[in-house]
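The structure appears right after this line, and notes come after that.
Quick note: numbers below take in every heavy atom, side chains included, and nothing from hydrogens, waters or symmetry partners. When a ligand or atom number is given, it counts from 1 through the structure's own listing order.
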Amino acid sequence: MSSLGLHPIEKKIMIFLSKEPTEPASLDEVVAGTKLSIDQVRRGMEWMKFKKLVTMTNETNTYITSNVKKDNLQIKLPERIIVEHISRTGKDSIEIKNLANSLPLERADFNAGLATAIKNGWILPKDEFIILNMSTKGNSPQENLLQRLTVEKKIKTSDLDAGELDAYLALKKRPRLLISHKETIIKVSLTESGRVAASTMSDSNSEVEVSKLTSNLLRSGRWKHTKFSALDVSADVHNHSFGRIHPLNDLIREVKEIFISMGFSEIDGPFIQSSFWNFDVLFTPQDHPAREMQDTFYLNNRIPAEQLDRDLVRKVSRVHNRGWKYKWKMNNAIKHVLRTHTTPITLRYLSDGVPTEGRIFSVGRVFRNEKMTFKHLLEFHQIEGVVTGKSLSLRDLMGLQKLFYSKLGIKKVKFWPTFFPYTEPSLQSMVYVEDKGKWIELFGMGIFRPEVVRSIGIKGTTLAWGGGLERIAMIRYGMTDVRQMYENKLSWLRSVPVCQL
Ligand code: PHE
């Protein structure tokens, strides 16, 4: 610990403590000795405790105060009332019963008074009588203590001498005479390293340091002669829960930036698609299992058949009839669905305008009528990247994958053959997740089949890949349950770092 990072407040406190002979000192003593405010002292103590320059201990003391009413300065204890009464009768002895009856004392006070008078040696009991004994002139120790309390108001029990302590213990047992309470104070002392650091300081180098560079200091040139306090950038800070972008939206932004850095332009399209665009254009046969109600959300309304491009319908129906060898039906194509993937967006975009070369991407929600589990949602995001051009191959597609994943921080990738009705060959990428020590399936991809691209008029080769964004989010945020992403649990949202290195 260097003294470099010490604040002037800390320096003042340390100099005071190192000179203080009665260390450990209470906070009040530090306030008095440093002329700092109690708040400054408290704050300084916290910093120094953290830096292990001081230790703090709690000291608990018992204090006593008199419970006798304030205006009753001349307190008379029952034993005094008893002996005064006996001397007033002029007799040497008196019957106990008589005595009790003739005095305005409560039973408990009378008994305590009698016992104390005997203990003080003022009276002696003899059968049913009590006999006045020796002198009762001087105050008893208990009377003395009560007297002291009327003057001093509050006495620390550890300050009592042996006789007073006895009197205090006796008074404590008697009804309504004393109040005792405990108070805890904090005491501070320098640690060994605090003492070493303090020894290099003097009052003069605790000169005020400036923590802010202001325009005034700059303009006047006074900054040249100003002593600035050093900043301890490694100090712990409080956690603040600022408003922030949802981790998933953060990832969407990152993915979009990656695509853009790779020369792709963004496209977008509606959630509601006709089955024609969601499936038929993609050469997905009308009896394909993905088109079942259990997998796809169908909407009640259908689009009028005449709204579909006649020429395109003719070409698509022809490739289905020829390719899959069944009778393609318009009725199945005009059913509305919530898009099950983002590929219809890609195809609709490519069908208008058809660039010979191009790179496009989309990020959007898709919907699947599946059972929700820790790894499946009914509504999630898909990413899709598409490249069209003349001399493209599967190797380019795999290269693009590696580049794309590496920009997301994923280094190990492998590919697996798979099947999609609209691509040939088709691949599945698997990425290695270090934290889990596992390979995870990520994106589907392939080269669009001639049956697909010819219908929409594309001549070049078209590579495409796509898949769930939430998968990447799970890898990125180390999650085991994808539903957690949508629970909006504040503790989780706050725990996700805003920036990961
Ligand atoms: N649409 C596919 C899916 O939903 C992914 C894919 C996109 C496959 C593009 C090939 C080409 O999983």
Side-chain angles (χ1 to χ4, degrees), residues 255 259 262 264 266-271 273-285 288-292 294-297 337-351 358-370 375-389 392-402 404-405 413 415-431 440-456 458 460-474 482:
V255 164
F259 271 121
M262 289 167 67
F264 285 67
E266 187 174 3
I267 59 165
D268 196 6
F271 291 168
Q273 296 285 335
S274 59
S275 294
F276 184 71
W277 281 104
N278 197 76
F279 299 119
D280 295 297
V281 177
L282 285 159
F283 198 47
T284 307
H288 191 281
R291 298 176 73 136
E292 303 269 321
Q294 301 88 281
D295 294 300
T296 301
F297 287 110
V337 300
L338 287 179
R339 67 184 187 203
T340 59
H341 53 177
T342 43
T343 316
I345 307 303
T346 303
L347 269 292
R348 279 179 88 157
Y349 177 81
L350 293 178
S351 72
R359 294 174 172 218
I360 52 167
F361 78 94
S362 66
V363 180
R365 285 197 179 216
V366 298
F367 308 84
R368 298 220 178 140
N369 195 359
E370 286 177 355
K375 57 176 186 175
H376 288 116
L377 293 167
L378 279 69
E379 188 180 335
F380 57 97
H381 292 83
Q382 266 198 349
I383 297 173
E384 183 147 322
V386 184
V387 183
T388 64
L392 291 170
S393 67
L394 203 61
R395 205 179 271 274
D396 295 308
L397 181 57
M398 292 193 281
L400 278 169
Q401 296 303 295
K402 288 205 168 163
F404 184 80
Y405 300 149
V413 187
F415 299 94
W416 223 247
T418 189
F419 172 79
F420 295 104
Y422 36 94
T423 50
E424 180 60 33
S426 304
L427 294 176
Q428 179 72 50
S429 65
M430 309 265 285
V431 298
I440 288 186
E441 281 184 13
L442 208 55
F443 290 157
M445 69 200 72
I447 302 177
F448 277 125
R449 296 179 74 102
E451 286 87 343
V452 176
V453 285
R454 264 195 226 128
S455 306
I456 57 173
I458 298 172
T461 310
T462 305
L463 313 173
W465 75 92
L469 175 82
E470 280 79 356
R471 280 253 165 122
I472 304 174
M474 285 177 80
V482 66

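The proximity of M445 to ligand 1, defined as any non-hydrogen pair under 4.0 Å, is limited to the backbone. With a heavy-atom cut-off of 4.0 Å, R368 touches ligand 1 through its side chain alone. At a heavy-atom cutoff of 4.0 Å, ligand 1 is contacted by no atom of F443, backbone or side chain.
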| task | Decide side chain to side chain contact (heavy atoms under 4.5 Å, CB included) for I360 and L350; before the verdict, give the C-alpha distance in whole Å, the side-chain angles of both, and the deciding distance to 0.1 Å. | result | CA-CA 10 Å; I360 52 167; L350 293 178; 4.1 Å; yes
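Under a 4.0 Å criterion applied to the non-hydrogen atoms of Y422, ligand 1 contributes the atoms 1 (N), 2 (C), 8 (C), 10 (C). Applying the 4.0 Å criterion to heavy atoms of H341 picks out, from ligand 1, the atoms 1 (N), 4 (O). Those atoms of ligand 1 that come under 4.0 Å of a heavy atom in T343, given as number and element, are 1 (N), 7 (C).
Classification of the F361-F259 ring pair by plane angle, with boundaries at 30° and 60°, yields parallel. In this structure, Y422 and F448 have tilted ring planes: the angle between them lies in the 30° to 60° band.
At under 3.5 Å, not a single nitrogen or oxygen of E384, backbone or side chain, sits near a nitrogen or oxygen of ligand 1.
Counting only N and O atoms by type, the side chains of S429 and Y405 include a donor and acceptor under 3.5 Å apart. The closest side-chain donor-acceptor pair between N278 and T340 falls under 3.5 angstrom. T346 and E384 are linked by a side-chain donor-acceptor pair at a separation below 3.5 angstrom, with hydrogens and angles left out of the test. For the residue pair Q382/R339, the side-chain donor-acceptor check at 3.5 Å is not satisfied.
Ranking the protein heavy atoms by distance from atom 11 (C) of ligand 1 puts A464 O, 3.5 Å first. Closest to atom 6 (C) of ligand 1, if we only count protein heavy atoms, is G444 O, 3.7 Å. Protein heavy atom closest to atom 12 (O) of ligand 1, with residue, atom name and distance, is Q382 NE2, 3.9 Å. Of the protein's non-hydrogen atoms, the one nearest atom 7 (C) of ligand 1 is G466 N, 3.6 Å.
No side-chain heavy atom of F264 sits under 4.5 Å from any side-chain heavy atom of V386.
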